[in-house]
Number of protein chains: 2
Amino acid sequence: MNNRLKVLRAERDWSQQDLADRLEVSRQSVNAIEKGRYDPSLPLAFKIADVFEMAIEDIFQRD
Amino acid sequence: MNNRLKVLRAERDWSQQDLADRLEVSRQSVNAIEKGRYDPSLPLAFKIADVFEMAIEDIFQRD
DNA sequence: ACCAAATGACAAACAAGCTTTACATCAAGC
DNA sequence: GCTTGATGTAAAGCTTGTTTGTCATTTGGT
């Protein structure tokens, strides 16, 4: 899965830590997901979609 | 997370095994997800959305 | 009543997601 | 050159997701 986290963060000028705080996960999780080292769980994907006010499909794409 | 798998299967007259075959996962996984014992991974959620030709958000809802 | 298919559940084992801690690198500002 | 904030990575440990195997129960058809 690809994701647009880095861009979406940049658009809002959020650090990985800022996003991690909003998602209530560790900064390392945000980093790992952003770098594609693993995919978020479905609940976390929903939370991410909430935070960015977008559909999951508009944030994550199959590769 | 709630999900509409049972209904969506019923609409198509698919058994859990039928769906499992299409998703390329075990029947036990379909059963467990359907019964809410755990949530699918994000990649599997995407596959489910593909199979039903629906958005993830229209199949899974936060509870 | 019988049979077969479908469903629900559990256990053991392994894979993937997430946490904390910790360390290294990089860029910006002073 | 030093400090600070942001980023990338790694190890160890816990939790969650998925598999295979197995069994019990339910349901539909004949």
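Per chain, numbering begins at 1; letters A, B, ... match sequence-line order.
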Legend entry - Over all atoms of both residues, closest heavy-atom pair of B/Ile33 and B/Asn3: O-ND2, 2.9 Å
Legend entry - Residue A/Tyr38, side-chain atoms from C-beta onward, closest of C/dG8, D/dG8, C/dG17: C/dG17
Legend entry - A/Arg9 side chain vs A/Trp14 backbone, donor-acceptor pair below 3.5 Å: yes
Legend entry - Least distance between heavy atoms, A/Arg62 atom then A/Met1 atom: N-CE, 3.6 Å
Legend entry - Straight-line distance of A/Glu34 CD to A/Arg27 CZ, nearest 0.5 Å: 10.5 Å
Inset, instruction - For A/Ser26, report the nucleic acid contact type (base, sugar-phosphate, nothing); a contact means any heavy atom under 4.0 Å. - result: base
Legend entry - Side-chain N or O of B/Asn31 closer than 4.0 Å to phosphate OP1/OP2 of C/dG8: yes
Legend entry - Rounded distance in Å - NZ (A/Lys35) to P (D/dA10): 12 Å
Legend entry - Whole angstrom value for the distance that separates C1' of C/dC18 from CG of A/Leu23: 13 Å
Inset, instruction - Starting at atom CD1 of A/Ile48, determine the distance to atom P of C/dG17, rounded to an integer number of angstrom. - result: 12 Å
Inset, instruction - Using atom CG of A/Asp39 as one end and atom C1' of C/dC18 as the other, report the distance to the nearest whole Å. - result: 13 Å
Inset, instruction - Verify the contact: side-chain N or O of B/Lys6 to OP1 or OP2 of C/dG8, cut-off strictly under 4.0 Å; return yes or no. - result: yes
Legend entry - Interatomic distance, B/Glu24 CD vs D/dG17 P [rounded to whole Å]: 21 Å
Inset, instruction - Kindly compute the distance separating CG (A/Asn31) from CD (A/Gln16), expressed to the nearest 0.5 Å. - result: 4.5 Å
Legend entry - Minimum-distance pair of heavy atoms, taken over all atoms of B/Leu5 and B/Ile48: CD2-CG2, 3.8 Å
Inset, instruction - Check the distance between C/dT7's C1' and B/Leu5's CG and give it to me in whole angstrom. - result: 14 Å
Legend entry - Side chain A/Gln28 and base D/dT7 donor-acceptor under 3.5 Å: no
Inset, instruction - Can you figure out which of C/dG17, C/dT19, C/dT7 approaches the side chain of B/Arg27 most closely? - result: C/dT7
Inset, instruction - Could you state the atom-to-atom distance from CG of B/Asp13 to P of D/dG28 in whole Å? - result: 12 Å
Inset, instruction - Between D/dT19, C/dA6, D/dT7, spot the one nearest the side chain of B/Ser15, thanks. - result: C/dA6
Legend entry - Side-chain N,O (A/Gln16) to OP1/OP2 (D/dG8) below 4.0 Å: yes
Legend entry - Between D/dA6 (P) and A/Leu19 (CG): distance, integer Å: 13 Å
Legend entry - First encountered from the 5' end of DNA chain C, between A/Leu44 and B/Trp14: B/Trp14
Inset, instruction - Identify, between A/Leu42 and A/Arg37, the residue whose nearest nucleotide on DNA chain D lies closer to the 5' end. - result: A/Arg37
Legend entry - Any A/Ser41 side-chain N or O less than 4.0 Å from OP1/OP2 of D/dG17: no
Legend entry - Any B/Arg9 side-chain nitrogen or oxygen under 4.0 Å from OP1 or OP2 of C/dT7: yes
Inset, instruction - Describe the nucleic acid contact of A/Ser29 in one word from base, sugar-phosphate, nothing, applying a heavy-atom distance below 4.0 Å. - result: base
